[in-house]
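Take a look at the structure below.
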Amino acid sequence: MAFLWRSSLILPLLVLLLGAGPSRAADSTTVSLRVMTYNIRYYNPEDSGRVAWENRRDKVASMIRYHGPAVVGTQEGKLNQLYDLEERLAGYEWIGTGRRAGGDEFSAIFYRQDRLELLGHHTYWLSPTPTEPGSVGWDAAFPRIVTWARFRDRATGDSLLVLNTHFDHESAEARRKSARFIAEAVGGWSNGLPAVVMGDLNARVGSPPYEALTRRGPDAPDQPLRDAKEVADQPHHGPVSTFNRFQPAVIPELRIDYVLVSEEIEVRRHGHLNEKWGGAYPSDHLPVLVELALPGS
């Protein structure tokens, strides 16, 4: 079974590994790695019609399956949703821990077993006591978590770090301190490995959390992260915003979902996937898909 509920408590930090499909770019012989972040919107038994998970799960799975990322960081998924995706995504395993006892929402990481070997993983809470399950950080509305994984790329032998998170939706202070916490973790515990940080930050470009993670603000890390959209070789694909509230079009000026990369990673393509079925989005967020090349690959 793909679900790994617990893992050993190792280095109290959160840095994730990246991987992607075994495709090769047309203008290069190096191996490409596809990574996706996708807020799938939590399961609510009171939802109905197009918004109900039962009417969205096949579409969410299809988005992932068709684009074929080697790593997918999901946000808001509850245990039943992750099991539903597991059933529909042949060849993928997933790891993660719910933010509260009994599950609740996960910041899970799905990965393709044919491409990546899992070397280690853990979930931490975004709080002053990150190893305390269910702890609430600062003035956040809910417990918030970050899940990291270390992988070995079977295609190249390279080791990678990937991090998936979801910042609080109400507290600006909690978002800022969560960003600082992750920035310090990446800088201090990457150990020279390429790192990818992805997730729903509930923060716009230029906000304090964004600045902290991209080394532009007072909470900047020693090791910089770069916004994959800003450094991609090719022009960005899709809308600029990533949030749609299940409306027919995305809400302007609400780009809150990101893939950030350490400086040695080359970003070839970056896009917000705007696919709909019958005029409806599969989630209230758009998936972010990037194609990367790691040093030495």
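The analysis underlying the following values was restricted to heavy atoms, covering all of them including side chains, and did not include hydrogens, waters or symmetry mates.
- For the pair Ser62 and Trp277, the tightest heavy-atom approach, listed with the atom from each and the gap, is OG-CZ2, 4.0 Å.
- With sequence neighbours excluded, no residue forms a salt bridge (Lys or Arg N to Asp or Glu O under 4.0 Å) with Arg56.
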Next item on the list: List the steps and the verdict of side chain to side chain donor-acceptor pair (under 3.5 Å) for Asp84 and Tyr43.
Entry: CA-CA 11 Å; Asp84 283 345; Tyr43 169 76; over 6 Å; no
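- Contact of the Thr165 side chain with the Ser178 side chain is not registered, since no non-hydrogen atoms from C-beta on lie closer than 4.5 Å.
- Note on Asp58 versus Arg88: salt bridge recorded, some NZ/NE/NH1/NH2 to OD/OE distance being below 4.0 Å.
- Ion pairing between Arg175 and Asp168 fails under the 4.0 Å rule for side-chain N and carboxylate O.
- Closest of all the heavy-atom pairs between Thr37 and Tyr258 is CG2-O, 3.7 Å.
- One N or O on the side chain of Ser135 and one on the backbone of Thr129 form a donor-acceptor pair closer than 3.5 Å.
- In this structure, Gln81 contributes its side chain and Lys78 its backbone to a donor-acceptor pair below 3.5 Å.
- With respect to Arg269 and Asp233, no salt bridge is recorded, no charged nitrogen being found less than 4.0 Å from a carboxylate O.
- Under 4.0 Å is where a charged nitrogen must lie from a carboxylate oxygen, and between Asp284 and Arg245 no such pair does.
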Checklist line | Residues His67, Glu291; criterion side chain to side chain donor-acceptor pair (under 3.5 Å); working and verdict | finding: CA-CA 11 Å; His67 291 283; Glu291 184 173 330; over 6 Å; no
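- For Asp158 against Pro295, the heavy-atom pair with the smallest separation is OD2-O, 3.8 Å.
- When side chains are defined from C-beta on, Pro128 counts as touching Trp138, because their heavy atoms get closer than 4.5 Å.
- Remark: aromatic rings of Phe181 and Tyr124 are distant, center separation not under 6.0 Å.
- The closest side-chain heavy-atom distance from Leu89 to Glu86 is not below 4.5 Å.
- Ring to ring, Trp53 and Tyr42 are not that close: their centroids are 6.0 angstrom or more apart.
- A single hydrophobic cluster is not seen to contain both Tyr38 and Leu254; linkage of ILVMFWY side chains at heavy-atom distances under 4.5 Å, directly or through other members, places them apart.
- Not a single donor-acceptor pair under 3.5 Å links the side chain of Glu76 to the backbone N or O of Thr74.
- Inter-residue side-chain proximity for Asp227 and Val259 is flagged as unmet; no heavy-atom pair is nearer than 4.5 Å.
- Trp94 has its side chain out of reach of Ile109: every pair of non-hydrogen atoms, C-beta onward, lies at least 4.5 Å apart.
- Within the 3.5 Å criterion, the main-chain N or O of Ser283 finds a donor-acceptor partner in the side chain of Asn244.
- Linking Ile, Leu, Val, Met, Phe, Trp and Tyr residues whenever their side-chain heavy atoms come within less than 4.5 Å leaves Ile256 and Val205 in two separate clusters.
- When all heavy atoms are compared, the tightest approach of Pro143 to Gly134 is CG-O, 3.6 Å.
- For the pair Pro282 and Met63, the minimum side-chain heavy-atom distance is below 4.5 Å.
- For Trp125 (side chain) and Arg99 (main-chain N/O), a donor-acceptor pair under 3.5 Å exists by modelled atom type.
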Next item on the list: Could you walk me through whether Thr147 and Ser107 pass the side chain to side chain donor-acceptor pair (under 3.5 Å) test, one step at a time?
Entry: CA-CA 6 Å; Thr147 298; Ser107 290; 5.4 Å; no
Notebook entry, point to check: Could you go step by step and tell me if Lys177 and Asp139 meet the salt bridge (Lys or Arg N to Asp or Glu O under 4.0 Å) rule?
Noted result: CA-CA 10 Å; Lys177 289 188 175 179; Asp139 58 349; over 6 Å; no
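- Here the side chain of Asp153 pairs no donor or acceptor atom with the backbone of Leu116 at under 3.5 angstrom.
- Criterion: ILVMFWY side-chain heavy atoms under 4.5 Å apart, direct or through other members. Under it, Phe243 and Met198 are not part of a common hydrophobic cluster.
- Neither side chain, Arg150 nor Ser159, offers a donor N or O lying under 3.5 Å from an acceptor on the other.
- Of the possible polar contacts, none joining the Arg41 side chain to the Phe246 backbone as a donor-acceptor pair under 3.5 Å is found.
- Here the side chain of His272 pairs no donor or acceptor atom with the backbone of Leu286 at under 3.5 angstrom.
- Between Glu170 and Ala141, the shortest heavy-atom distance links the atoms OE1-CB, 3.5 Å.
- A salt bridge links Asp114 to Arg112: at least one charged side-chain nitrogen sits closer than 4.0 Å to a carboxylate oxygen.
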Next item on the list: Apply side chain to side chain donor-acceptor pair (under 3.5 Å) to the pair His169 and Arg144, showing each step before the final yes or no.
Entry: CA-CA 10 Å; His169 66 302; Arg144 295 292 180 176; 3.1 Å; yes
Note to self: Could you go through Glu93 and Tyr111, starting from their C-alpha distance and side-chain angles, then the distance that decides it, and tell me whether this counts as side chain to side chain contact (heavy atoms under 4.5 Å, CB included)?
What the structure shows: CA-CA 6 Å; Glu93 295 284 324; Tyr111 65 97; 3.6 Å; yes
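- With Tyr281 as the aromatic partner, Lys276 meets the cation-pi criteria of under 6.0 angstrom to the ring centre and within 45 degrees of the ring axis.
- Contact of the Ile182 side chain with the Val197 side chain is registered, since non-hydrogen atoms from C-beta on lie closer than 4.5 Å.
- The backbone N or O of Arg226 lies less than 3.5 Å from no partner atom in the side chain of Thr214, so there is not a single donor-acceptor pair.
- Between Leu225 and Ser262, the shortest heavy-atom distance links the atoms CD2-N, 3.9 Å.
- Side-chain atoms of Arg152 do not come within 3.5 Å of backbone N or O of Leu119 as any donor-acceptor pair.
- Each of Ile40, Val250, Asp200 was compared with His285 under the side chain to side chain contact (heavy atoms under 4.5 Å, CB included) criterion, and only Asp200 meets it.
- Proximity of Phe106 to Leu82: side-chain heavy atoms (C-beta onward) are separated by under 4.5 Å at one or more points.
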